[in-house]
Amino acid sequence: QLQLTESGGGSVEIGGSLTLSCVASQYTACMHWFRQAAGKERQGVARIDNTGTITYSNSVKGRFTISKDNAKNTLTLQMNNLRPEDTATYYCAASSPSRWYGGRCPGLGDDYGITDWGRGTLVTVSQ
């Protein structure tokens, strides 16, 4: 079974930066970052598919950068200009292209298509 291990969470001041990493135990075609704030639903943050196509949620576009190193089976999320509303537990997730999605990866935030989840890493942004 695929294992996903996140790291890099922590506390940062408003406007600060953090880099999250996720190491997969094997190659994964589609990789995602989700987040869930206390008392709120989980939401998709960024996604990179097997073609290298990247999608961001509107709330992080221009501030966060997702990247994937297939040689190292590593997914990274560079987060800049952090805001209090970015406070959440961030989850790395994996999926594969599926006929249910026309041979493509699940879209941003589509957790029905996710096959594996990391345990999460907490990011706290405060004044």
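In what follows, every heavy atom counts, from backbone to side chain, and hydrogens, waters and symmetry copies are set aside. All residue numbers in this chain count up from 1 along the given sequence.
- The disulfide (SG to SG under 2.5 Å) contacts involving residues 98-127 comprise C30-C105, where partners must be two or more places apart or lie in separate chains.
- A search for side-chain hydrogen bond (donor to acceptor under 3.5 Å, both in side chains) contacts involving K61 returns N58, not counting sequence neighbours.
- Counting only residues at least two apart or in different chains, salt bridge (charged side-chain N to carboxylate O under 4.0 Å, His left out) contacts with residues 73-94 comprise R35-D86, R63-D86.
- In terms of heavy atoms, N80 sits closest to S17 at OD1-OG, 2.9 Å.
- Atom CZ of residue F34 and atom CG of residue D110 lie 7.0 Å apart, to the nearest 0.5 angstrom.
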Can you give me every donor-acceptor pair (side chain of residues 112-125, partner residue at least two apart or in another chain, under 3.5 Å) with its distance?
| from | atom 1 | to | atom 2 | distance (Å) |
| --- | --- | --- | --- | --- |
| T115 | OG1 | A94 | O | 3.1 |
| T121 | OG1 | G9 | N | 3.1 |

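- For T65, the side-chain contact (heavy atoms from CB on, under 4.5 Å) partners two or more places apart in sequence, or in a different chain, are Y56, Q78.
- Using a 4.5 Å heavy-atom cutoff, the side chains of T28 and N73 are not in contact.
- Considering only residues two or more places apart in sequence or on other chains, D111 meets the salt bridge (Lys or Arg N to Asp or Glu O under 4.0 Å) condition with R42.
- Among residues two or more places apart in sequence or in another chain, the side-chain contact (heavy atoms from CB on, under 4.5 Å) test is passed with T5 by none.
- With sequence neighbours excluded, the residues that form a side-chain contact (heavy atoms from CB on, under 4.5 Å) with S57 are S59, V60, L108.
- In terms of the side-chain hydrogen bond (donor to acceptor under 3.5 Å, both in side chains) criterion, residue partners of S95 (sequence neighbours excluded) are, by chain and number, H32.
- Residues satisfying the side-chain hydrogen bond (donor to acceptor under 3.5 Å, both in side chains) criterion with N70, sequence neighbours excluded, are K68.
- Residues P84 and I14 form a side-chain contact, since some pair of their non-hydrogen atoms from C-beta on lies under 4.5 Å apart.
- Every side-chain contact (heavy atoms from CB on, under 4.5 Å) that S7 has, sequence neighbours left out, goes to S21.
- The list of ring-ring contact (aromatic ring centres under 6.0 Å, His included) pairs with a residue in residues 70-107, not counting sequence neighbours, is empty.
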